[in-house]
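Note that these values count all heavy atoms, side chains included, but never hydrogens, waters or copies made by symmetry. Keep in mind the model is a prediction, meaning the values are calculated, not measured. So that the names make sense, note that chain A is the first sequence line, chain B the second, and so on, each numbered from 1.
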2 protein chains.
Amino acid sequence: MTSTSEPLAPPDRIARRQVDKFAERRRQLADAALLTLSERGYARTSLREIAKDSGFSHGVLHYYFRDKVDLITYCVRQYKAHCVERYDGIVATATEPAALLAGVGDALAGTLAQDALMHRLWYDLRGQSLFEESFRADVAEIDDSLERMIWRTVEAYAGLVGATPTCSPSFAYATVDGLFAQALLRHLAGSSDALDDLRDGVRRQLPTLVG
Amino acid sequence: MTSTSEPLAPPDRIARRQVDKFAERRRQLADAALLTLSERGYARTSLREIAKDSGFSHGVLHYYFRDKVDLITYCVRQYKAHCVERYDGIVATATEPAALLAGVGDALAGTLAQDALMHRLWYDLRGQSLFEESFRADVAEIDDSLERMIWRTVEAYAGLVGATPTCSPSFAYATVDGLFAQALLRHLAGSSDALDDLRDGVRRQLPTLVG
DNA sequence: AGGATTCCTTGACGGCCGTCCAAGAGCGTC
DNA sequence: GACGCTCTTGGACGGCCGTCAAGGAATCCT
């Protein structure tokens, strides 16, 4: 905490107070924003709507965030943290190849069903990053962490069957993510087969990646 | 052409005149709209901007289209026509399995490089359809036609190697589309490996789909 | 040519947007 | 209890949005 009491311009306000309530409110508002974004999509979500859903007035957002891009960027970063935390424990324990295949399939199908709207938001934001440069770096970082997550799975499976990966990390990620994206599409469209097909798809694709 | 000369409400205006200039202008405006959309993305494109890029005034859009959704929907449909027309000739001629793999890889890499912005728009609109119900049906139809296209490729390849497909059409589409989507992402991000990786990826993935 | 019809422009409307700001509320400290 | 600082409110702003209507321009038909 500074002992001087000079008047602070808004940007400084954001830099200060790292540990206390300020940062906490930012997280809280970003959480609310993520919820609204996941329901309405990037293109249809306004700051006023985010504020309304958060229970605060619309003015408060500019007290905690410089502008809309700052808020969305912060949201994306927070979403990333949520992502890797959730997915990092997926592979952890499995001593049989078949069990790992089943575990990974179940984990992916589980999060797809449970966090469908958040995954929808992820694909939305990833798409937006192709048009809006501001998000690109953060989105790419998340994408990398997802690729690494898939790659860890491939390596774990390879280890269990006594083989080594025969493809690049990006190939593994691309094909598995393709399966996941399509399963999400069909799941949200009401297809009841989507989850099972995802499980089967992962179970089928993973073994082709090692040898 | 009707011989009566009753005053027509806007909706009727659209239903009439199927063959003549009316439909042609619609196509022309939709083409301009697709161009603008592919450059700016769905979330950032306004009717005024579309009109400006088309060389007409902003009012004309409501003479040829009921509202914005009508325009975008028409654009999506027109995009679909463009798509299937372009992709339908891809597999056509190939008597050797290796030649088919190379041909498909080159074709996909070629259209990815040449029509990158249009493909970016496709993924954008496909994502939007998960939030905006109005587009969902048309987008699903395009998706189906793409899946069938990939499936024809798989069947052609299976025929050439004297085998049959061992996966579902949706599995084939999901994995190949995953490769394509990631290649597009990396290509637009400036990666020079993206196109070659797409070629290699397709060449690697296709053989795993038959047996 | 001239009237009817089609096509297109222009300007306006209400509404929502992101942003900013003045003022008040809450609250810990002296 | 008064002060100072942090936090929050709610209104105002300019601007862009989609939509629409009135009227001019172009075209067609006889």
Query raised in the report: Quick one: does A:His187's side chain have a donor or acceptor within less than 3.5 Å of a partner on A:Asp193's backbone?
Result: no

Query raised in the report: Any donor-acceptor pair under 3.5 Å linking the side chain of A:Asp67 with the backbone of A:Asp70?
Result: yes

Requested in this report: Taking only the side-chain nitrogens and oxygens of B:Lys21, find out if one of them lies under 4.0 Å from OP1 or OP2 of D:dC28.
Outcome: yes

Query raised in the report: Would one find a side-chain N or O of A:Tyr63 under 4.0 angstrom from OP1 or OP2 of D:dT8?
Result: no

Query raised in the report: So, are B:Asp143 and B:Arg126 salt-bridged, with charged N and O less than 4.0 Å apart?
Result: yes

Expressed in angstrom and rounded to an integer, what is the separation of [X] atom [atom1] from [N] atom [atom2]?
X	N	atom1	atom2	result
A:Tyr64	D:dT6	OH	C1'	8 Å
B:Asp70	D:dG18	CG	P	14 Å
B:Arg25	D:dT27	CZ	P	10 Å
B:Phe22	D:dC28	CZ	C1'	17 Å

Query raised in the report: Can you pull the ring-ring contact (aromatic ring centres under 6.0 Å, His included) pairs that have at least one residue in residues 120-146 of chain B, sequence neighbours excluded?
Result: B:Tyr42-B:Phe135

Query - Close side-chain approach of B:Arg148 to B:Asp144, heavy-atom, < 4.5 Å - result: yes

Report task. State which residues pass side-chain contact (heavy atoms from CB on, under 4.5 Å) with B:Leu101; sequence neighbours excluded, sorted by chain then number. Result -> B:Tyr157, B:Arg203, B:Leu206, B:Pro207

Requested in this report: Indicate for each nucleotide in nucleotides 15-23 of chain C, in 5' to 3' sequence, whether protein heavy atoms under 4.0 Å reach the base (B), only the sugar-phosphate (S), or nothing (-).
Outcome: --BBB----

